[in-house]
Protein chains: 2
Amino acid sequence: MNDVAATAGVALKTVSRVVNDEPGVNAATAERVRQAIELLGYRRNDGARVLRRGRTASIGLVIEDVADPFYSGLSRAVEDVALRNGSLVFTGSSGEDPQRERELVLAFCARRVDGLVIVPAGYDHGYLAPELHAGIRAVFADRPTGPALDVDTVLCDNAGGARTGVAHLIAHGHRRIAFLGDNAVIFTAKERLSGYREALDAAGLPYDPSLVSMGPPEQARVTAAMAGMLALDHPPTALFTGNGQTTVAALRALEILSARDPEPNSSRGGGSASASPRGPASPRHSGPASSGPGGQESSREGGWASSREGGWASSRHGGQRLAASLAIVGFDDFQLADLLSPSITVVAQDPIRLGRTAAELLFRRLAGENGPVERIQLPTHLIPRGSGELPPATF
Amino acid sequence: MNDVAATAGVALKTVSRVVNDEPGVNAATAERVRQAIELLGYRRNDGARVLRRGRTASIGLVIEDVADPFYSGLSRAVEDVALRNGSLVFTGSSGEDPQRERELVLAFCARRVDGLVIVPAGYDHGYLAPELHAGIRAVFADRPTGPALDVDTVLCDNAGGARTGVAHLIAHGHRRIAFLGDNAVIFTAKERLSGYREALDAAGLPYDPSLVSMGPPEQARVTAAMAGMLALDHPPTALFTGNGQTTVAALRALEILSARDPEPNSSRGGGSASASPRGPASPRHSGPASSGPGGQESSREGGWASSREGGWASSRHGGQRLAASLAIVGFDDFQLADLLSPSITVVAQDPIRLGRTAAELLFRRLAGENGPVERIQLPTHLIPRGSGELPPATF
DNA sequence: AGCAGGTGTGACAACGTTGTCAACCCTCAG
DNA sequence: CTGAGGGTTGACAACGTTGTCACACCTGCT
């Protein structure tokens with residue numbers, strides 16, 4: 001800017017005025033300055049500007065993993081709202097690691113972002129208190145923080161959604177309904193489990209711990225859990241899955257279990273009357289590369305299959321038939337849910353609306369709105385597609 | 001920092017030294033400073049630091065849409081590399097709009113990011129020249145820029161991938177192969193079309209424009225294009241789709257076309273022997289919310305169905321049977337491709353590797369590596385799963 | 001002529017850091 | 001006792017902006 005001023009033969013401040021379209025500059029002078037700017041290829045340094053003015057016109061977004069469709073939708077929504085508000089977005093994936101979340105948040109704060117949208121990985125956000133005190137606004141999305149921090153939060157109706165989904169299965173005649181959820185330390189997983197129990201309670205059905213399995217949505221774990229349930233004396237006739245990744249893993253598990261000794265007329269497992277040959281798909285390529293640093297694929301075939309096969313194969317029920325007729329409702333909608341056979345019934349959240357709501361709330365705060373802390377709950381939406389309307393299997 | 005210095009009874013510079021773990025500070029003094037920092041909840045202002053030091057330790061990432069699984073994978077990879085290099089990431093979605101891309105890039109440059117990873121929407125990046133001259137490094141990913149700008153680029157082998165995929169169909173006996181690609185202004189779309197033609201040429205097959213349709217992957221357009229092709233005198237027996245979204249749209253189109261008058265034993269369309277009822281899925285909810293601002297869903301049912309039904313329904317071939325037996329290979333892997341019936345054969349790119357490669361190249365440049373401009377091409381990978389190995393239908 | 005009020009311009013400090021350099025205190029060898 | 005040298009500390013300028021204030025000039029009025 002100094003150079004521009006020298007070139008144009010004016011003072012620094014005049015250049016600043018031209019650059020910022022401030023009034024009170026002679027048209028001729030302004031033109032001279034603009035030419036100098038053009039000539040020198042000058043671009044204002046927003047870092048310095050920010051230092052002087054206080055506001056950075058940027059926000060930080062911390063999510064679990066951009067590569068997860070749920071969060072990437074949320075991400076895009078936040079981005080759009082930010083753009084509309086003239087703000088840039090720092091994005092960071094915590095990978096469900098509270099330590100990394102903390103580092104990201106603090107790094108964003110050190111850059112003096114105006115505000116934060118956080119999908120928290122941990123519960124303890126004491127480290128945020130000084131930042132909030134220093135004037136950085138934060139909105140929690142998808143999951144709350146502990147009660148210690150009083151801060152705006154936008155959630156989905158996790159319990160309600162799960163209740164609706166499970167009630168839907170009950171309404172279709174199911175009495176033995178399994179629940180496959182994410183790691184129990186995760187807020188949404190707990191809430192959905194609560195919803196599951198509430199629906200059972202409301203229908204007067206007992207809660208059977210052997211029908212519930214919580215843990216990371218890794219294929220090996222999910223497959224093992226399902227095989228175990230199907231081998232029970234009183235196996236489930238329906239399954240409620242607690243999130244999108246778990247739903248997909250469960251479907252793959254059914255495919256694996258059914259394919260072990262497929263029935264000729266099963267709708268699952270490719271055993272239909274079509275002439276389509278099962279391709280020579282090697283197991284390593286059965287799905288698109290997962291987001292994280294691998295590890296999931298390698299365990300799929302080895303891990304459970306060898307260790308549990310005996311137990312399950314000897315089940316007196318014939319697990320294959322059970323697997324092929326299991327009704328399913330999943331929490332979270334996902335791409336192609338409608339093209340599977342049967343199509344998958346889901347309880348849909350709206351990640352875009354979630355992100356938009358959180359970001360808009362943040363910008364309202366930044367604009368000076370100082371009402372009481374808000375706690376917004378967004379509705380979920382049951383989408384019946386077929387898999388959730390299957391009747392209980394009887395053999 | 002001033003306050004901290006005052007509280008601790010030391011000079012500004014000493015606090016700076018403590019904060020930055022510089023050597024040469026008495027342990028007792030350092031401890032006193034740390035206590036003052038703790039007491040006041042002080043956090044270094046990285047903006048000011050950046051101003052003084054020159055490097056911002058941040059990069060900008062401009063992609064088409066974070067919500068697209070391909071780009072969100074790329075995104076995550078870039079993020080991870082950046083984190084490893086102690087850098088933060090500004091993310092922005094251009095939405096395939098050159099103007100918005102330009103705004104984002106310039107905004108990032110104004111913040112003095114150290115470097116940029118750009119998936120360009122347009123071809124003309126003249127506006128970047130001054131920035132590059134000013135020392136900002138840039139790496140183009142997935143698509144190149146025009147020849148005017150000499151800059152590092154990481155691409156996939158688009159033509160080669162398409163060639164492989166189409167050759168695969170030819171090897172399975174197909175002679176009439178349709179190509180459904182993205183908008184022809186997009187580099188990758190053009191390249192893949194070239195690969196398609198090369199494969200035809202290599203096999204001595206004619207190029208038939210009536211089997212080729214390029215345009216945005218909207219459901220209505222894709223459905224119409226496919227219906228038109230299936231109604232031809234010599235309809236295609238196989239289809240190659242030019243990207244993930246188009247593949248999915250094509251599958252939905254087949255579902256729509258087949259379902260219009262389904263054959264009892266078709267593997268597609270839910271007409272299998274299973275007892276699974278088609279759920280009462282309303283058309284508005286057939287898929288998860290698409291990323292952009294809607295518009296796609298509403299047109300799915302209305303747009304084409306009413307205007308073209310007559311033409312297609314009167315086809316002398318019975319489009320349903322054609323649709324049900326069409327072999328498919330798609331460019332891009334996608335989630336659940338392996339769980340459809342038949343599973344979908346794809347030519348897979350590796351978005352994570354793409355992002356990682358681009359980001360690592362960027363950071364090598366930032367570390368001072370000054371070799372000639374690099375142009376890296378990543379391989380693609382054919383994954384046979386079933387849909388690409390179907391034989392040509394004969395009626 | 002003198003003065004109010006407006007327009008255009010510039011000098012200067014400040015934002016919160018860090019790099020440079022100098023000063024201080026101590027210890028130890030000459 | 002003197003001086004060299006290391007360890008510790010601080011004063012100051014600079015990074016590139018913008019807010020504040022003041023100045024110079026012009027216009028139109030009394």
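What you are looking at is a predicted structure, and each value in this text was computed from that prediction instead of being measured. Convention: sequence-line order gives letters A, B, ...; per-chain numbering from 1.
Salt bridge status for Arg84(A) with Glu79(A): absent, with no side-chain N to carboxylate O gap under 4.0 Å. Residues Asp152(A) and Arg365(A) are paired through a salt bridge, judged by an N-O separation under 4.0 Å between the basic side chain and the carboxylate. Of the charged side-chain nitrogens involved, none lies within less than 4.0 Å of a carboxylate oxygen, so that Asp114(A) and Arg53(A) do not count as a salt-bridged pair. We find that Asp46(A) and Arg112(B) are not joined by a salt bridge, their nearest charged nitrogen and carboxylate oxygen being 4.0 Å or further apart.
For Ser16(B) and dT17(C), the shortest distance from a side-chain N or O to OP1 or OP2 is not below 4.0 Å. Of the side-chain N and O atoms in Thr14(B), none sit less than 4.0 angstrom from OP1 or OP2 of dT9(D). Within the structure, a side-chain polar atom (N or O) of Arg53(B) is placed less than 4.0 Å from OP1 or OP2 of dG19(C). Using a 4.0 Å cut-off, no side-chain N or O of Arg52(A) falls inside it from OP1 or OP2 of dA14(C). For dT9(C), the OP1/OP2 oxygens have a side-chain nitrogen or oxygen of Thr29(A) closer than 4.0 Å.
Computed from coordinates, the Met1(A) CE to dG19(D) C1' distance equals 12 Å when rounded to whole Å. With rounding to whole Å, Leu12(B) atom CG is found 15 Å from dT20(C) atom C1'. Arg111(A) has its CZ atom 17 Å from the P atom of dG16(C), to the nearest Å. Nucleotide dT18(C) holds its P atom 12 Å from the CG atom of Leu51(A), rounded to whole Å. The CG atom of Asn45(A) sits 14 Å away from the C1' atom of dT17(C) (whole-angstrom rounding). Between the NZ atom of Lys13(A) and the P atom of dG10(C) there is a distance of 12 Å, given to the nearest Å. In this structure, Glu31(A) places its CD atom 16 Å from P of dG8(C), rounding to the nearest Å. For Tyr42(A) and dG16(D), the OH to C1' distance is 7 Å, given to the nearest whole Å.
If you check every strand for non-hydrogen atoms under 4.0 Å, Val19(A) touches nothing. Contact annotation for Val10(B): backbone-only contact, meaning every heavy-atom pair under 4.0 Å involves sugar-phosphate atoms and none involves a base. Using a 4.0 Å heavy-atom criterion, one finds that Asn20(A) contacts the sugar-phosphate atoms exclusively. Among the heavy atoms of the strands lying under 4.0 Å from Arg17(B) is at least one base atom, whether or not backbone atoms are also near.
Closest to the Ala11(B) side chain, of the nucleotides dT18(C), dG10(D), dT17(D), is dG10(D).
No hydrogens or angles considered: a donor-acceptor pair under 3.5 Å links the side chains of Glu101(A) and Tyr127(A).
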